[in-house]
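Values below: all heavy atoms of this structure, side chains included; hydrogens, waters and symmetry mates excluded.
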Amino acid sequence: MTRITDIGPPHYEKFLHPLIKRNYGHWLYHETLAPGVLCHVAESGERIYTVRAGSPRLLSVSTIRRFADLADQYSGGYLRFTSRHNIEFLLDNPANIEPLKRALNEAGFPVGGTNNSISNVVHTQGWIHCHSAATDASGIVKALMDRLHPHFTREDLPAKLRVAVACCVNMCGAVHCSDIAILGIHRKPPQIRHDTLRKACEIPTLIASCPTGAIRPAVVDGKRTVDVIEEQCMYCSNCFTVCAAMQMNDPENDGLSIWVGGKVSNARSEPKFSKLAIPFLPNNPPRWPEVVSAVANIVDVYARHARRFERLGEWTERVGWPRFFELTGIPFTRYHIDDFRYAGLSYARSTHMRLRP
Amino acid sequence: MTRITDIGPPHYEKFLHPLIKRNYGHWLYHETLAPGVLCHVAESGERIYTVRAGSPRLLSVSTIRRFADLADQYSGGYLRFTSRHNIEFLLDNPANIEPLKRALNEAGFPVGGTNNSISNVVHTQGWIHCHSAATDASGIVKALMDRLHPHFTREDLPAKLRVAVACCVNMCGAVHCSDIAILGIHRKPPQIRHDTLRKACEIPTLIASCPTGAIRPAVVDGKRTVDVIEEQCMYCSNCFTVCAAMQMNDPENDGLSIWVGGKVSNARSEPKFSKLAIPFLPNNPPRWPEVVSAVANIVDVYARHARRFERLGEWTERVGWPRFFELTGIPFTRYHIDDFRYAGLSYARSTHMRLRP
Amino acid sequence: MPEDQPKPTPLLDELETGPWPSFVTEIKRAAENNPASADLLGLLERSYQDRKGHWKHGGIVGVRGYGSGVIGRYNDIPDEFPNVAQFHTLRVNHPSGWFYTSDALRTLADIWERHGSGLTNLHGATGDIILLGARTDQLEATFQDLTAAGFDLGGSGSAMRTPSCCVGQARCEWACFDTMKFCNNLTQAYQDEMHRPPFPYKFKVKASGCPNDCVAAIARADLSIIGIWKDDIRQDDAAVAEYAAAGLDIARDVCARCPGQCMEWTGAHLTIDNRDCKRCMHCINVMPKALRPGVERGAAILIGAKAPIVQGALLSSVLVPFVPEAEIEATVRELLARIWEFWDEYGKNRERIGELIQRVGMAAFLDGIGLEPRPEMVAFPRDNPFVFFQKEDTK
Amino acid sequence: MPEDQPKPTPLLDELETGPWPSFVTEIKRAAENNPASADLLGLLERSYQDRKGHWKHGGIVGVRGYGSGVIGRYNDIPDEFPNVAQFHTLRVNHPSGWFYTSDALRTLADIWERHGSGLTNLHGATGDIILLGARTDQLEATFQDLTAAGFDLGGSGSAMRTPSCCVGQARCEWACFDTMKFCNNLTQAYQDEMHRPPFPYKFKVKASGCPNDCVAAIARADLSIIGIWKDDIRQDDAAVAEYAAAGLDIARDVCARCPGQCMEWTGAHLTIDNRDCKRCMHCINVMPKALRPGVERGAAILIGAKAPIVQGALLSSVLVPFVPEAEIEATVRELLARIWEFWDEYGKNRERIGELIQRVGMAAFLDGIGLEPRPEMVAFPRDNPFVFFQKEDTK
Ligand code: SRM
Ligand code: SRM
Ligand code: SRM
Ligand code: SRM
Ligand code: SF4
Ligand code: SF4
Ligand code: SF4
Ligand code: SF4
Ligand code: SF4
Ligand code: SF4
Ligand code: SF4
Ligand code: SF4
């Protein structure tokens, strides 16, 4: 058998529902029938029904097979996943909607995530697979969504609310542009394993890897190695990426920071980066209670105060960040003031102020 | 006689109109009676009338005496100057308004500059007095205001329009936050007078003065001097400020750039920097026709298209900069794209676009 | 082989309670007949106890002839967890739009049950099917089974990464171009660049059918293709009236939120000054039955997004304001060739294209790839007066 | 002494035509009986011909015991224009608010006719009375005449510069504090810092009575004091109705332009949700008879504005969001002491305070001067994830 290479992925057409194929590019409008249930109407008058369910993203083959079975039973075998890791069944028969919803709920997969809800949490590997992780990702998502899932199954928020978790500042996923982002961080300079460093790493490459120039050559026990100027280290872990002897993990000092007000869409306002809300919360598995209640609090405050169709960052921009800190009760600290390249542009350069808290 | 020092300026109270003294801090509202004529009404019911006239700022003692005479005649001897170098006569008797206006007009000082007009042009020394000037200032202002003065004597613009001229990038005056700013610029690296450099300047200080590191030590004819890496020079003149042997003046390459859309006030929008409209126009005394018509064109386009109470920068932000370039006919070039510290933040980071010119 | 008695995992067990579907349950399901998954559970419990990860740097592992598609991974206490001593993931290129049939999913499940941990991510943050954890000696076999079934690996390392796209014209009325066709064609066109890393660093392409940007292209793709239209929003007055009748506050919730400040609702009639419309989608989003993008459709091409490491995060910025639908693919391919050439010549090692543009300046980059500067490329023209004039413009 | 026949100045003569008052006419007036002004005219004509300036670097000139207040100036063709071979300007501190009596102006005119060119700027961009051009040997005499008449020099060089302020409570209903009193007191308090340059670079203070900022404090003062109020806008409904009746489109021209998005006009009644008001002044500006700032008045203190040389222009940013009227002066003086101490310790030569803050970071600066961080100080909290944690906050 000749070895097959570079064939790329299977062509998507093979996987399209016949109704979709017929109406491809000819959709007219859509309606929401219930949270998690959409109906897209084609120019031809045909309708495709979508039932969306939450997924833990980390799926065993047995669950995959279960999804396949559900698809066979209710959607002619057609299904897809979304850009936020939800699963969507594509039905031509509306009579199958309720049975499918029941089956999904029984199997433990909540239906929802559409429109002005909290959809699935985009997240990363964490302790499941990544060497770089300052925290776990899946566990935080599970703990958080156990608390927030009513906002998944109901469309009860002013606008879409996108939550994301990244287990380190590499920020795999669009964490930097999320309504609420939970970010694993280090808070101590690398601990250097001088014994293994020489063998494992090239010292010049290592020194060059540090964006702040905190790493310099040193001699320890007569051997060439490096040391780190502590004040200059911003715990970015870039040195660890190029050299495993620069250990970043530190159970006491690693933890989570919370960022808010980012968005991706161009709807109304331009895309925005998330901004720091809480600089540090402890890494507290298995349920990260500090993180969960901090996020739930922010969601509550937002839900109560924002106007209709106002994303979290649009709300904070309208009412002002001081109001955000006041309403959430989160203390404003020196860490909230930027000190990076563009810091100056984040200072308040006007007298536009709401002076009565 | 003992030498008097450190007495500071005379106390302003000595110079206040008695009506002003009586109502100091107790003003209720104001009205505009005509362009250049304001009436401030005090809580007491008393009224002070202000007649404002344009001034060239550069005044001979004989003109100063003339103003003093006019004040004696019409405003009890009380007058002031504004933060934009206009002169204001303070009258308690409204019957004097018209005679004063006539007298001012006869003397060649136009009355106006209030509300939605072009007020006086804030400007700097230019060839009158400054060693650093890439152009003259007073001459440009005169030529420009000869053209724009109807906008001074009438309040016929959508909002205030503040014009400023600075004769070099030191930008004395609030040129960087003006609706329209005219800026004298160099476009060539300094010509080094190697003969005088050694005597006149300290080489290390000189090298350190260059923000881009373009200056390096060199030896010419066996003498220690410096040279300039041309590609790295941004013609900022900072080296010339510390060392006169770094000559910047160059009649062919010095000239003017035009900047638009800045503002200072917090009214409606936050204060803004002016943005580049035209990277270069030639230095063409005595009337700088290219500059005058470029600015007049921008004023015209603004006056025709902006909404009421919309400053120039607020208008461009609403309709978008592409529209500004289209309507004014000014070509958009590589020079309009920033390449300084914050450049990245000036790129268009959304799809918010008006696609039909 | 699993041990007779699975190690207790009290911390993880806690995460099997509660309404949200549990990844712990998934691992346990896989662990039922897979020793690697069982050890993964144990190792993860250890991380939960120790509050730190137990994975080490991956070495270079992969399949024959490919330089990417596999992330090597080893744990740091292999004696205790030997079945995950090697636990490499395969990134399998997903079908555009993440559409599947039940059979396709079963095929993947079967292959992965045979060769790996039985655990997956559907999907990875870049979009790949992540097959989560295999021994080195299983990589090639998995690969061969995958290609036999019509699947191939995605990108990793300093390569073209697996492109992704929104559902687009398959199920969305707003898609201004065929994102799935575009994505699939592009993926096929750059198989070599995906599988044999040729670049200074990673390069990602994502395509969204409209400015809602449902694949977050503007935030996380080096080249972001976002559908947009040029002409007027199509408007159905009767349907507008329906929304109003149904209680939508059009003045407050639509017009007042329009960033173009170009909508007016008289209480009976809606007018849009389309010239000032910023194509933000908001009014269309709120009234999908009444408003639709225009018919002169195409895409905007933006460049340079990335995560913060190490010079700060970037959003993509406008490179080409509008390309008509029919020309998108050709334009992108032409651009990619020029961009990659420039990057190859001037990019430093581990420098994303967005960082390179920031370093050399947008104008120099445009010169380099032969594009004219356009005002749509900037949010505003420069406000700093230090202009580097070019020799040819001076005397 | 003027030559018998003044040199022809055809280029400058051109600038005596046209409706705007002519500076050339002013120079000619002065030149009538002043040889320096006559030579200035000639030298300027030469600049107009050559299209370049003819002034050289000024040396250190001044009056006894002062390190500032005089800008030295020499021309580069002194043989041709000997009467402006030395042409130094004196910066004379203006009375706060630029108020004068006719007598005061005449006194200044007389002094300057005696000792200098007879030319002035009313006023310089910092606010001083500029006496434009004197020989070195006249500086001390001018100074003594000035002080005898109750005037003194302003600042120059690395000194406290002449503070300035808007007309404020003298003639403006919106002034939230007494800018003129503040400005005058401050000027008197820092005579030493003004006259004997003690700093790394220049330091400017400007005070505006309200957010309209009529002295551009936020754009060009190292310390910007801007009046503001804390409570509700005072509203006179009858007067609002008058404006509406007179044709003002309150919905479009006022409410829709309100950056706080907190105004509503029903067609009959105006409501302001004052909690969300950003104190921008717009509605008050448009309807001065109907709306007024509240009664709980004071000022915001902002720091750091400067022109672009050489790290880019800066606008001042919020340091203290609100100080009640009665405490403004004391607060500013206390702050100045701490700011100058910090600047003295950490500032580099020719580094403005705003640049220093950018270099060391706002947080470090606040630590240094003993102020607590407040959310009003930032437009938005940081978006970059690289936080330098302090030792005391970690374990
Ligand atoms: C299925 C999916 C695309 C895909 O190819 O997988 C999708 C599908 C739709 N999106 Fe989306 N969006 C999807 C991810 C996104 C993302 C990306 C993300 O979240 O990472 C965004 C950008 C989010 C952001 O700004 O941070 C996104 C921003 C929107 C918006 C703009 C919302 C806003 O007001 O900012 C709309 C318009 C709306 O909902 O009114 C929208 C609207 C829609 C519509 C209504 C489009 C249509 O007519 O079919 C679709 C159903 C919406 C729904 O879920 O309520 N979609 N949508 C993605 C579902 C993710 C999920 O499982 O929740
Ligand atoms: C006299 C003066 C203060 C002084 O102490 O000298 C002054 C006086 C007044 N200003 Fe001003 N402003 C004065 C310079 C400024 C400046 C500074 C500058 O131009 O360099 C600004 C900031 C300009 C900017 O944003 O670039 C300024 C921004 C305003 C504004 C806000 C305008 C806006 O919409 O952005 C107002 C409100 C208005 O006019 O509606 C205002 C309003 C006023 C009022 C109506 C205040 C009042 O109730 O008395 C005064 C008469 C206004 C007029 O000229 O129409 N004043 N005003 C200054 C006159 C300058 C001149 O001769 O033209
Ligand atoms: C698997 C995945 C996370 C996930 O759980 O889904 C992932 C995992 C890793 N990413 Fe990522 N990235 C993944 C999507 C992303 C994304 C999102 C995207 O592509 O849309 C980003 C942000 C966008 C971007 O590219 O900037 C992202 C930004 C990074 C970065 C920062 C790159 C930068 O230039 O800022 C790194 C660090 C690096 O390259 O050295 C990184 C590095 C890594 C490494 C290879 C760790 C490392 O330092 O070598 C991680 C391997 C984990 C593991 O053991 O499996 N990953 N990474 C995602 C890829 C799955 C897939 O192929 O579908
Ligand atoms: C006279 C005046 C311009 C005018 O025609 O009104 C002036 C004239 C000079 N300025 Fe200025 N500046 C004048 C107000 C300003 C202002 C406006 C202000 O104070 O409100 C600014 C912008 C605000 C600021 O301070 O940033 C200003 C920013 C500069 C700078 C840039 C400083 C910076 O940090 O960016 C320089 C360059 C320097 O200090 O080396 C400078 C330097 C100079 C020097 C001393 C030239 C030099 O390089 O040594 C000029 C002397 C000209 C001469 O021969 O008389 N001048 N200068 C103004 C002072 C008159 C007065 O006392 O009333
Ligand atoms: S965010 Fe960091 S720790 Fe998490 S998967 Fe990406 S690289 Fe690994
Ligand atoms: S963590 Fe980052 S800042 Fe700290 S030493 Fe390593 S590379 Fe440098
Ligand atoms: S702007 Fe430049 S040339 Fe003009 S006065 Fe100021 S320093 Fe001199
Ligand atoms: S003009 Fe500015 S950039 Fe050029 S050499 Fe002089 S100091 Fe350097
Ligand atoms: S990006 Fe636009 S076209 Fe694509 S799915 Fe989202 S809304 Fe539809
Ligand atoms: S698409 Fe956005 S900008 Fe255009 S009319 Fe609708 S709301 Fe306004
Ligand atoms: S700043 Fe305010 S208080 Fe001062 S003059 Fe201007 S409008 Fe009046
Ligand atoms: S002062 Fe400005 S923000 Fe406040 S209500 Fe008036 S317009 Fe709105």
For the backbone of [Y] and the side chain of [X], can you confirm whether one donor and one acceptor N or O come within less than 3.5 Å of each other?
X	Y	result
D:Arg257	B:Arg268	no
B:Trp27	D:Gln169	yes
D:Tyr66	B:Asp6	yes
D:Glu173	B:His26	no

I want to know whether D:His57 and B:Phe240 have ring centres closer than 6.0 Å. yes
Hey, is B:Glu270 close enough to D:Lys278 for a salt bridge, meaning N to O under 4.0 Å?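 D:Lys278 and B:Glu270: not salt-bridged.
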Below 4.5 Å from any heavy atom of chain D, which atoms of [X] appear? Answer side chain, backbone, both or neither.
X	result
B:His176	side chain
B:Ile48	side chain
B:Arg57	both
B:Cys243	backbone
B:Cys167	neither
B:Lys14	backbone
B:Asn170	both
B:Leu70	neither
B:Thr82	backbone
B:Glu43	side chain
B:Thr5	both
B:Cys177	side chain
B:Phe309	both

Is it the case that D:Asn184 and B:Glu13 place a side-chain donor and acceptor less than 3.5 Å from each other?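 Result is no, nothing qualifies.
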Nearest 0.5 Å, please: how far is CZ in D:Phe151 from CD1 in B:Ile4?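 With rounding to 0.5 Å, CD1 (B:Ile4) is 13.0 Å from CZ (D:Phe151).
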Atom NZ of B:Lys160: over 12 foreign heavy atoms under 6.0 Å: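 Count over threshold, so yes.
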When you look at D:Asp213 and B:Lys263, which way does the salt bridge (charged side-chain N to carboxylate O under 4.0 Å, His left out) test go after all the steps? CA-CA 10 Å; D:Asp213 196 359; B:Lys263 74 189 276 275; over 6 Å; no
For D:Arg171, which of B:His17, B:His30, B:Glu88 qualifies under side chain to side chain donor-acceptor pair (under 3.5 Å)?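 The single option meeting the side chain to side chain donor-acceptor pair (under 3.5 Å) with D:Arg171 is B:Glu88.
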Quick one: list whatever passes salt bridge (charged side-chain N to carboxylate O under 4.0 Å, His left out) with D:Glu26, sequence neighbours left out.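 So D:Glu26 forms a salt bridge (charged side-chain N to carboxylate O under 4.0 Å, His left out) with D:Arg29.
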Exactly one of D:Lys56, D:Arg73, D:His54 should register a side-chain contact (heavy atoms from CB on, under 4.5 Å) with B:His131. Which one does? D:Arg73
